[in-house]
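As a basis for the values below, the full set of heavy atoms in this structure was taken, side chains included, without hydrogen atoms, waters or symmetry mates. Naming convention: chains lettered A, B, ... in sequence-line order (proteins, then strands); numbering from 1 in each chain.
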Amino acid sequence: MSDIILKTENLTKHYGGVHALVDANFEMKKGEHVAIMGDNGAGKSTFVRQITGVEQRTSGKVWLYGDEVNFAGPLDAREAGIETVFQTLALADDLDVPDNLFLGREKTKFDWLGPFRFLDYKAMRQATMEGLERTGVKIPNIRNTIQNMSGGQRQCVAIARTATFASRLTIMDEPTAALGVQETAQVENIIRTLKKAGEPLILVSHNMRQVFDLVDRIVVFRRGRICANLDIKNGDHTGEDVVSYITGAKTGAEFEDAL
Amino acid sequence: MSDIILKTENLTKHYGGVHALVDANFEMKKGEHVAIMGDNGAGKSTFVRQITGVEQRTSGKVWLYGDEVNFAGPLDAREAGIETVFQTLALADDLDVPDNLFLGREKTKFDWLGPFRFLDYKAMRQATMEGLERTGVKIPNIRNTIQNMSGGQRQCVAIARTATFASRLTIMDEPTAALGVQETAQVENIIRTLKKAGEPLILVSHNMRQVFDLVDRIVVFRRGRICANLDIKNGDHTGEDVVSYITGAKTGAEFEDAL
Amino acid sequence: QEIGATFSRFDDNWLTVLRNGMVEHAATIDGLSYQQEDAADDLAKQIDQVKNFVASGVDAIIVNIVDTSAGAAVSAAAGDTPLVYVNREPDNVNELPATQAFVASNEIESGTLSAFEICKNLRADGKGAGARGYLMNGQLSNQAAVQRSKDVHDVIGMDMCNFMTIIDEQTANWSRDEAQDLMTNWMSSGEPFDFVLANNDEMAIGAIQAMKAAGMDMADVQVGGVDASQDALLSMAAGDYDVTVFQDSVGQGTGSIDAALRLIAGEKVDQKVYIPFKLVTPANMGDFLDKN
Amino acid sequence: MTDTSHGTGGLTFDKTKRSWPNELNILFALFVIIAIFEVLGQMLPYMNDQSFLFDTRDRFDSIFNEARLKIIILQVAIIGIIALGVTQVIITAGIDLSSGPLVAATAMIAMSFGQTELVNGFANPKALFGPWAMDLPVIVPVVVGLAFGAFIGAINGTFIAYMRIPPFIATLGMFLICRGIALWWSGGNPISFPTDGFKWIGSGMMPVVWFLSLAVVFHVIMRYTVYGKHTYAIGSNEEAARMSGINVKRHKVTVYVIASMLAAFAGVVLAAKSETAQAGMGEFYELFAIAMAVIGGISLQGGRGSIIGTVLGAMVLGVIRSGFTYIKLDGSYQLMAMGSIIIAAILFDQYRQRNRA
Amino acid sequence: MTDTSHGTGGLTFDKTKRSWPNELNILFALFVIIAIFEVLGQMLPYMNDQSFLFDTRDRFDSIFNEARLKIIILQVAIIGIIALGVTQVIITAGIDLSSGPLVAATAMIAMSFGQTELVNGFANPKALFGPWAMDLPVIVPVVVGLAFGAFIGAINGTFIAYMRIPPFIATLGMFLICRGIALWWSGGNPISFPTDGFKWIGSGMMPVVWFLSLAVVFHVIMRYTVYGKHTYAIGSNEEAARMSGINVKRHKVTVYVIASMLAAFAGVVLAAKSETAQAGMGEFYELFAIAMAVIGGISLQGGRGSIIGTVLGAMVLGVIRSGFTYIKLDGSYQLMAMGSIIIAAILFDQYRQRNRA
Ligand SMILES: Nc1ncnc2c1ncn2[C@@H]1O[C@H](COP(=O)(O)OP(=O)(O)OP(=O)(O)O)[C@@H](O)[C@H]1O
Ligand SMILES: Nc1ncnc2c1ncn2[C@@H]1O[C@H](COP(=O)(O)OP(=O)(O)OP(=O)(O)O)[C@@H](O)[C@H]1O
Ligand SMILES: OC[C@H]1O[C@@H](O)[C@H](O)[C@@H](O)[C@H]1O
Ligand SMILES: [Mg+2]
Ligand SMILES: [Mg+2]
């Protein structure tokens with residue numbers, strides 16, 4: 001097995017006439033943290049949705065840890081070890097915080113009962129408190145339903161969900177967009193912990209400071225295509241640099257044909 | 001009539017056992033731009049919802065331009081001249097962009113037909129393009145339904161909606177949370193234009209840079225209460241300062257009793 | 001005394017005539033409190049209504065049974081409270097306890113009388129060599145409907161009437177409106193036909209309306225039904241409708257209430273009372289005009 | 001190829017790939033169903049080479065079997081009128097179960113003001129009121145019926161919008177109440193023998209005329225007017241509609257009033273067509289009206305659906321009914337076949353939609 | 001007063017102000033309705049001081065009128081069994097219209113394997129099959145009935161989950177198909193005279209025993225097991241459930257299978273109770289089952305509702321029915337009164353909920 005844990009080849013997605021993602025060739029190595037940046041509507045979340053099996057791609061191929069994968073749905077992706085914080089958060093509004101945190105992989109008792117096995121509410125509540133504390137969010141009553149949570153609280157629940165389970169690849173789509181100053185700092189700490197543990201991460205973010213603080217490499221999307229691949233570990237690139245790729249003032253040498 | 005355009009007295013909101021907003025006393029003057037900051041779940045959006053009539057307050061009073069107001073619903077607030085970008089955006093998923101932009105105040109023809117007056121689709125589409133251009137967002141096809149829009153596109157639609165109509169008070173709840181670098185800059189320009197035009201604004205934001213760039217004064221919420229009121233025009237306060245109010249390391253002198 | 005009555009359905013034409021007749025009759029009896037319930041064609045509901053009556057302590061119960069094969073369950077639900085079946089004959093008629101009785105008609109007569117008369121008329125019209133026509137069924141789950149249709153087939157099975165052929169038979173659910181549409185659908189095939197037999201008058205009237213709307217001459221078609229409702233008789237008077245069968249609402253209604261009263265008083269009653277069906281044609285229709 | 005005339009740019013947008021309107025699928029399904037009946041007609045041994053839609057008999061001399069074309073739509077016209085209103089209700093994410101019983105109650109009430117005094121020279125045996133209510137101009141029963149419908153709709157709407165009773169419950173309650181009214185109005189007795197004027201409303205192809213003209217009117221309203229737009233907005237996201245300043249409550253009342261008036265009008269037409277009004281009328285009409293809308297592509301979650309879809313949904317049901325009579329399918333099989341065809345039509349619709357995505 | 005034991009802090013949280021369970025409101029409404037009947041009974045002149053729930057007749061000698069208590073619940077037990085399944089379906093944001101006709105079809109099918117050969121010494125006049133099918137052990141018809149239910153449920157579920165047919169359409173189609181099967185099975189003839197073993201299933205208070213035990217089982221399942229949690233999650237936000245890795249399709253099929261098996265079992269109990277099976281059985285049961293769930297506080301948008309609520313909803317309908325007989329309300333007024341009471345009960349519930357917010 002090579003070092004490449006995720007690779008896409010000509011990954012493409014059309015929605016009717018909208019070409020949201022075109023010929024994306026993307027690679028990332030073990031332990032690497034990569035940021036995806038780009039304008040609104042540039043195709044970042046579309047890219048995430050194709051990798052995680054939420055949607056079926058129009059064309060192209062995807063490899064995970066060297067194996068070609070064709071996820072029929074998000075369940076497959078999760079089983080293959082991909083943990084994702086979606087931009088839409090994917091929370092069930094009528095359920096409370098622990099229910100959402102453990103949705104799809106509840107802690108249970110009497111497992112021989114199959115689908116009718118019992119929920120271990122107590123254990124889940126406890127684990128929820130711990131998970132939430134890592135994000136620094138304050139939620140007065142975790143037994144309130146998600147629909148009653150503030151924007152930032154919702155986002156923290158989604159992040160805590162991902163951070164609670166070990167994974168082979170973590171993807172976060174704008175995880176701190178709705179977070180306050182403190183909570184953002186905490187979530188960034190979670191990301192640093194992942195880095196230390198050698199767990200790879202894809203971070204979609206519009207926050208230049210955050211990206212420069214956290215990741216090794218920035219991939220820029222523009223109009224549905226990848227237009228730059230910038231290694232930022234050695235300080236070759238500044239924030240303004242990245243902005244000019246985002247806006248189209250510059251294009252990465254190897255991508256010029258594409259655009 | 002005094003200079004005070006918005007004033008609240010002991011504004012309070014409980015959700016069951018959760019005391020989301022407690023005794024908020026808030027005032028703002030003509031032409032002033034005020035930021036509201038605070039942790040996730042501090043009660044910022046709750047404050048906004050009480051002022052705009054989206055919810056009925058538990059207790060307290062509100063005055064707008066000197067008149068005590070008791071809005072039965074958001075329609076009343078809008079008719080009184082309050083334009084709001086809600087954190088939840090308030091978009092109708094199955095309708096397209098122009099429909100959403102003009103929801104509730106469509107451009108029409110044959111107005112004598114009352115509720116059955118005809119929609120002027122063409123005029124609305126044109127105005128939509130103009131509105132969107134001001135936010136800098138790129139939307140390949142505005143006749144797609146909102147549910148097919150990216151996070152940032154949705155937010156820009158909501159902002160364009162507010163910016164298209166004149167108002168006596170504009171409120172924006174985290175308007176740039178999902179926006180890219182360029183779009184954020186554009187929206188900040190819209191806010192500066194409002195300032196020049198003398199239109200008052202309440203801006204809820206977690207973005208310290210943005211707040212210091214744009215507003216005259218910061219009001220900090222903590223645990224449902226106002227804990228600081230900081231005039232930042234004359235450079236008395238730094239970002240760290242504000243953070244320490246947010247986290248609770250400091251409390252404004254006049255608010256100490258409250259907490 | 002208190003009598004509780006439950007009917008298979010309230011919104012049925014002929015049963016309403018029966019039901020309203022019973023209310024009127026009950027009102028003429030001193031000291032009788034009479035209460036009626038709608039089973040809405042739901043057998044279980046009817047059984048429960050009987051139990052509700054028992055729980056309220058009524059003195060007697062009258063049942064227009066939803067499903068004639070459920071006699072055993074209904075009879076058991078009443079316990080010791082006297083019970084009289086009306087209009088429809090329960091299948092346990094031979095095992096009724098002493099506290100129960102029935103006053104009803106025999107559906108074998110109804111369909112047979114009507115179909116046989118049509119058969120004779122067709123012969124008289126010179127169509128004895130072969131006549132084709134349609135059969136409209138009432139609600140398929142209703143036993144009166146099933147029985148009346150079977151009667152028709154039995155008549156056609158007889159040597160005398162086997163010149164008749166049914167082109168198609170379909171349900172119009174007792175309803176005039178559905179019968180109109182069904183008849184129009186049939187006619188749209190362009191196939192010639194000589195008779196229409198319906199399980200009740202409402203459907204026969206619907207068929208007649210559809211045929212007239214299509215410009216047919218009603219003299220060319222024999223139409224037969226059951227009930228002798230007033231609408232039907234007026235249609236007969238206008239020369240559109242040929243044969244129907246009179247079902248005696250007053251006889252059944254008053255008969256059942258009187259039987260119930262006698263059961264309450266502990267008197268002896270005839271446990272089985274059959275009220276006969278009577279053939280109605282333009283010749284004798286005058287006798288029935290104000291009956292149903 | 002980049003064409004930004006529909007937006008502010010960004011991605012490549014290929015204008016030629018328009019989204020395929022759902023209604024076209026249903027139309028397609030309709031043709032498939034017709035074709036199946038046509039083929040069956042040729043194949044079944046007892047059918048004597050009849051055709052379903054075409055004229056093969058000497059009696060007629062046109063291309064199509066006009067009688068069949070007419071009955072196909074005639075038999076769904078009345079429920080179709082109800083479905084026009086039900087469509088609007090469902091677009092708001094509501095439901096109206098009361099329409100069937102409302103048809104019955106309105107038929108009874110309207111007919112009592114539309115009776116004629118003399119039938120073939122006999123006194124009207126079913127006269128409900130005295131001579132004062134006999135032989136009134138046709139406008140009277142119609143207005144009475146519509147007013148009754150508006151009244152019921154206003155109650156439905158008020159309960160649902162202002163008192164937040166779930167639509168299912170409010171209209172289920174009204175379902176029972178209207179059935180009760182129909183039974184009580186004349187003690188369950190049918191009311192028959194209308195005036196010629198009243199009969200006219202339901203005579204011949206008039207039900208179809210009403211259905212199609214109302215469909216056109218409401219198509220325009222739903223598509224091109226503020227009323228229509230707000231109806232969709234409420235169903236799509238009621239909270240957003242409210243926050244956008246739509247008077248959601250008042251609007252919902254209007255929608256339910258319109259729906260009930262349409263159902264009431266259907267009751268008037270039905271009474272006129274059958275020349276009688278009976279308490280048992282309109283049974284299951286609410287279900288079939290909803291079915292028409294759903295076959296026409298509406299979503300019960302609200303926000304989506306169209307009048308054209310509903311009209312096509314009605315046509316599907318009409319074709320199926322006539323088709324069954326045409327191939328002489330036995331009653332118990334008809335129900336099974338009808339059920340299967342409804343499912344198959346939607347399956348087909350789904351399939352085409354997915355293949356285009 | 002700040003108590004953070006339920007969360008990670010932040011705002012003041014007053015633990016004493018728990019949210020008031022919706023079910024308590026319905027219970028309350030139930031008592032109010034009972035009280036109203038009790039008072040009416042004392043006031044109405046023709047009632048001779050009878051009591052609704054208490055024993056005032058010499059015939060009986062207990063505190064309560066036991067016959068009344070029993071019938072109140074007995075008469076809703078069978079539809080109640082259906083409602084337990086319908087509740088689960090609605091929680092997934094689905095709907096099941098096929099349950100009423102499924103009751104009829106299952107009653108017919110099960111009864112054909114539950115007949116007895118000799119009735120009072122005579123050959124069973126309604127025997128459908130030959131002697132091989134007579135006097136079978138009671139387990140046979142029950143298993144056949146449940147298997148049939150499971151089969152229908154699997155079809156419903158597959159269409160809905162895998163082929164994305166809207167639940168309303170899929171189960172409306174199945175509604176027609178099951179009615180058709182019921183009619184076709186014995187050509188419209190009733191099937192009667194069950195064995196004693198079969199009768200036992202529906203005898204006396206057995207329907208209540210089934211209803212309440214199943215209610216307990218499904219209450220536990222919905223509240224404390226993974227199955228229950230996923231059912232709520234799917235109804236709350238199907239896309240989120242899918243993205244969270246729940247196998248939404250498979251789960252939905254399970255839900256529809258369970259619901260149809262419950263309806264099938266209701267059919268078996270109904271046949272046993274009536275000692276006969278008839279094609280017209282179960283008419284409107286689907287509507288009333290849904291009504292029970294909705295009165296019990298379920299939301300047709302999915303994600304909310306409970307088995308306890310549905311049981312209470314059933315009780316409300318049971319009390320109303322018995323109450324009407326008790327106050328001797330004429331059948332033609334019963335529908336109107338029933339409709340009004342249902343609306344009023346929910347109105348009351350809404351009112352209490354709002355006053356607590
Ligand atoms: N289901 C869909 N149907 C049609 N167009 C879609 C659909 N989903 C996304 N799009 C379009 O595809 C483009 C890319 O969307 P995407 O969500 O990937 O953007 P993004 O880069 O994540 O933007 P943001 O920063 O705002 O989240 C947008 O123009 C969007 O309108
Ligand atoms: N309907 C509700 N029912 C119960 N609790 C609620 C409800 N709405 C809000 N809350 C609670 O009130 C508190 C304040 O919420 P609010 O939305 O005002 O926070 P916020 O300051 O806007 O946070 P953010 O920055 O995350 O948007 C939160 O703890 C939230 O959980
Ligand atoms: O069950 C309903 C049917 O009952 C019959 O007795 C009557 O003849 C029919 O017209 C119809 O009313
Ligand atoms: Mg995105
Ligand atoms: Mg907020």
*Could you please state which residues from residues 170-184 of chain D sit under 4.5 angstrom from chain E, measuring non-hydrogen atom to non-hydrogen atom, sorted by number, or 'none'?*
D:A170, D:L172, D:G173, D:M174, D:F175, D:L176, D:I177, D:R179, D:G180, D:I181, D:L183, D:W184
*asked:* Looking only at heavy atoms and a cut-off of under 4.5 Å, which of D:P167, D:G188, D:S340 has the most pairs with chain E?
replied: D:S340
*Separation between CZ of E:F168 and CD1 of D:I290, rounded to the nearest 0.5 Å*: 4.5 Å
*Rounded to the nearest 0.5 Å, what separation is found between the CG atom of E:N156 and the CD1 atom of D:I343?*
7.0 Å
_What's the separation between atom CD1 in E:I165 and atom CZ in D:F348, rounded to the nearest 0.5 Å?_
12.0 Å
*Check the surroundings of atom CZ in D:F151: do more than 12 heavy atoms from other residues, nucleotides or ligands lie under 6.0 Å from it?*
no
*Below 4.5 Å from any heavy atom of chain E, which atoms of D:I295 appear? Answer side chain, backbone, both or neither.*
both
*Taking only residues two or more places apart in sequence or in another chain, which ones pass side-chain hydrogen bond (donor to acceptor under 3.5 Å, both in side chains) with D:D330?*
D:S332
*What closest approach, in Å, do E:I346 and D:P166 show between heavy atoms, and which atom pair accounts for it?*
CG2-CD, 3.7 Å
